[in-house]
Amino acid sequence: MNNSKLIEICKKHILTDNIDSVFKEPYIPYLPKGEWNGILILAEAQNLSNSEYVEDLKKSSSIRRICRLCDSDPDDIGVQPWDDCSMKLAIESAFDTSAENTAVSNAVLWSQIDKNGNNKNPSTDLIVKSIEVWADFLPIIRPEHIITCGNIAHKVIGNIKQIGTPSWKPTKWRLPSRTAMSRISGMFPEGDLLSRYHEVKEVATRHPEWLKGGYRQNKIFFACHAVSVSNAI
């Protein structure tokens with residue numbers, strides 16, 4: 001897909017100085033370089049607390065900040081639950097598709113931090129502005145299926161009217177945040193989950209690398225949740 005139209009949309013929606021955000025530019029989603037399966041999966045907002053990633057973006061041009069996801073390595077896009085493989089495991093478990101063919105972004109296209117540099121939940125202003133940007137994005141991107149992870153992402157997409165065809169199919173999953181998942185994932189033995197959710201077991205066997213890096217139980221539990229919710233729909 002030619003990103004020029006999406007870049008122009010982002011330029012139109014650059015924030016004024018009176019709205020608090022780490023960066024003023026919104027950004028375009030990561031779209032697969034090869035064949036796209038039509039699925040767009042959205043987390044809530046980027047965590048732009050102090051990091052080398054943020055410092056690099058500060059030194060970059062406005063266009064580079066707008067294109068920061070689409071220009072990224074597919075394994076390190078800049079959407080945390082995708083990069084830690086939680087979303088990848090869930091996508092392939094819940095749908096007969098490949099994670100590498102999936103489009104990825106956050107629903108809220110700006111981020112905020114507190115006075116100590118810690119991540120903050122996005123303000124109402126940024127949620128409203130993000131609804132406006134996605135309302136411009138979606139007729140151009142034309143996804144067949146949008147998966148929203150978390151209430152904020154669901155709120156953003158849920159406030160956009162589907163105009164014309166084809167329209168997208170919505171699916172709501174929980175946000176695979178480490179804090180939220182850790183509260184409940186340990187209640188279910190891994191072996192029991194995998195015996196009940198064979199789709200997750202098959203993908204985990206095919207991609208054992210996705211379970212590395214910690215929070216293994218969280219990833220498996222989230223993938224089981226994704227399968228259960230998607231099958232019910």
Exercise for review: Could you tell me whether Lys11 and Glu25 make a salt bridge, using a distance below 4.0 angstrom between a side-chain N and a carboxylate O?
Suggested key: no
Rounded to the nearest 0.5 angstrom, the OG1-CD1 distance for Thr171 and Ile157 is 12.5 Å
Worksheet item: Does Glu209 pair with Lys212 as a salt bridge, N-O distance under 4.0 Å?
Response: no
Open item on the list: I want to check something: taking the side chain as every heavy atom from C-beta on, are Asp20 and Lys120 in contact at a cut-off of under 4.5 Å?
Closed with: yes
| message | Tell me whether Lys129 is salt-bridged to Asp125, with the criterion being a basic N under 4.0 Å from an acidic carboxylate O. | response | no
**Asked** Do side-chain atoms of Ser49 reach the backbone of Asn118 as a donor and acceptor pair under 3.5 angstrom?
**Response** no
Are Cys67 and Ile7 close enough that some pair of their side-chain heavy atoms sits under 4.5 Å apart? yes
Sub-4.5 Å side-chain heavy-atom contact between Thr102 and Trp36 = no
Quick check: is Ile41 connected to Ile140 through a chain of hydrophobic side chains (ILVMFWY, heavy atoms under 4.5 Å apart)?
yes
Note to self: Quick check against the 3.5 Å criterion: does Arg68 have a side-chain atom that pairs as donor or acceptor with the backbone of Arg65?
What the structure shows: yes
- Is it the case that one hydrophobic cluster holds both Val128 and Ile160, taking links as side-chain heavy atoms less than 4.5 Å apart, direct or via other members? no
Rounded to the nearest 0.5 angstrom, the CZ-CD distance for Phe23 and Gln46 is 8.5 Å
**Asked** Are the side chain of Arg216 and the backbone N or O of Leu211 linked by a donor-acceptor pair below 3.5 Å?
**Response** no
- Any chance you could lay out the side-chain contact (heavy atoms from CB on, under 4.5 Å) test for Ile28 and Leu69, step after step, and finish with the verdict? CA-CA 7 Å; Ile28 63 180; Leu69 298 193; over 6 Å; no
May I ask you to decide whether Glu55 forms a salt bridge with Lys58, counting only side-chain N to carboxylate O separations under 4.0 Å?
yes
Distance-only, no hydrogens or angles: does the Lys219 side chain make a donor-acceptor pair with backbone N or O of Asp84 under 3.5 Å?
yes
Asn231 and Glu199 have their tightest heavy-atom pair at ND2-OE2, 3.9 Å
When every non-hydrogen atom of Thr97 is compared with those of Ile91, the smallest separation belongs to CG2-CG2, 3.7 Å
Q: Indicate yes or no for a side-chain donor-acceptor contact from Ser130 to the backbone of Leu109 under 3.5 Å, with no hydrogens or angles considered.
A: yes
Q.
Keeping Ser195 on the side-chain end and Asp192 on the backbone end, is there a donor-acceptor pair under 3.5 Å?
A. yes
Exercise for review: Just say parallel, tilted or perpendicular for the rings of Trp134 and Phe137, cut-offs at 30° and 60°.
Suggested key: perpendicular
4.5 Å side-chain heavy-atom contact, Val108 and Glu44:
no
Using a 4.5 Å cut-off on heavy atoms from C-beta on, say whether the side chain of Ile39 contacts that of Ile147.
yes
**Report entry** Pairwise side-chain contact, Pro29 with Ile141, heavy-atom cut-off 4.5 Å (strictly under)
**Finding:** yes
message = Are more than 12 heavy atoms, taken from residues, nucleotides or ligands other than Arg174, located less than 6.0 Å from that residue's CZ atom?
response = no
For Lys24 and Thr16 the tightest heavy-atom approach is NZ-O, 3.6 Å
In terms of heavy-atom contacts, Ser21 and Ser111 come closest through OG-O, 3.2 Å
*asked:* Between Ser228 (side chain only) and Cys224 (backbone N and O only), is there a donor and an acceptor less than 3.5 Å apart?
replied: no
(Q) Within the supplied structure, the quantity of interest is the number of heavy atoms (other residues, nucleotides, ligands) at a distance under 6.0 Å from Asp114 CG; does it exceed 12? (A) yes
- Count the heavy atoms of every other residue, nucleotide or ligand shown that sit under 6.0 Å from CD of Glu100, and state whether that count exceeds 12. no
So SG of Cys85 and OH of Tyr215: to nearest 0.5 Å the spacing works out to 15.0 Å
Self-check item: Heavy-atom check, side chain of Pro189 versus side chain of Leu193, under 4.5 Å
Solution: no
Can you find a pair of side-chain heavy atoms, one from Leu40 and one from Trp168, that are under 4.5 Å apart?
no
Shortest non-hydrogen pair, Cys70 vs Asn3, comes out as SG-ND2, 4.0 Å
message = Can you confirm whether Lys33 is buried at NZ, in the sense that more than 12 heavy atoms of other residues, nucleotides or ligands lie under 6.0 Å from that atom?
response = yes
| For the residue pair Trp173 and Phe222, does the interplanar ring angle fall in the parallel (under 30°), tilted (30 to 60°) or perpendicular (over 60°) class? | perpendicular
**Residue Phe95 excluded, over 12 heavy atoms near CZ under 6.0 Å** = yes
CZ (Arg183) and CG (Asn218) are apart, to the nearest 0.5 Å, by 11.5 Å
message: Closer than 4.0 angstrom, basic N to acidic O: yes or no for Asp75 and Lys88?
response: yes
Please check if atom CZ in Arg196 has more than 12 non-hydrogen atoms from other residues, nucleotides or ligands closer than 6.0 Å. no
task: Check whether Val104 and Leu175 end up in the same hydrophobic cluster, where Ile, Leu, Val, Met, Phe, Trp and Tyr are linked by side-chain heavy atoms less than 4.5 Å apart.
output: no
Trp110 and Val133 have their tightest heavy-atom pair at CH2-CG2, 3.7 Å
Can you confirm whether more than 12 heavy atoms, excluding those of Lys155, are under 6.0 Å from its NZ atom? no
Do Val200 and Phe188 belong to the same hydrophobic cluster, where Ile, Leu, Val, Met, Phe, Trp and Tyr are linked whenever their side-chain heavy atoms lie under 4.5 Å apart, directly or via other members?
yes
d(Ser123 OG, Gln112 CD) to nearest 0.5 Å is 4.0 Å
Under 3.5 Å, is there a donor-acceptor pair between the side chain of Asp83 and the main chain of Gly78? yes
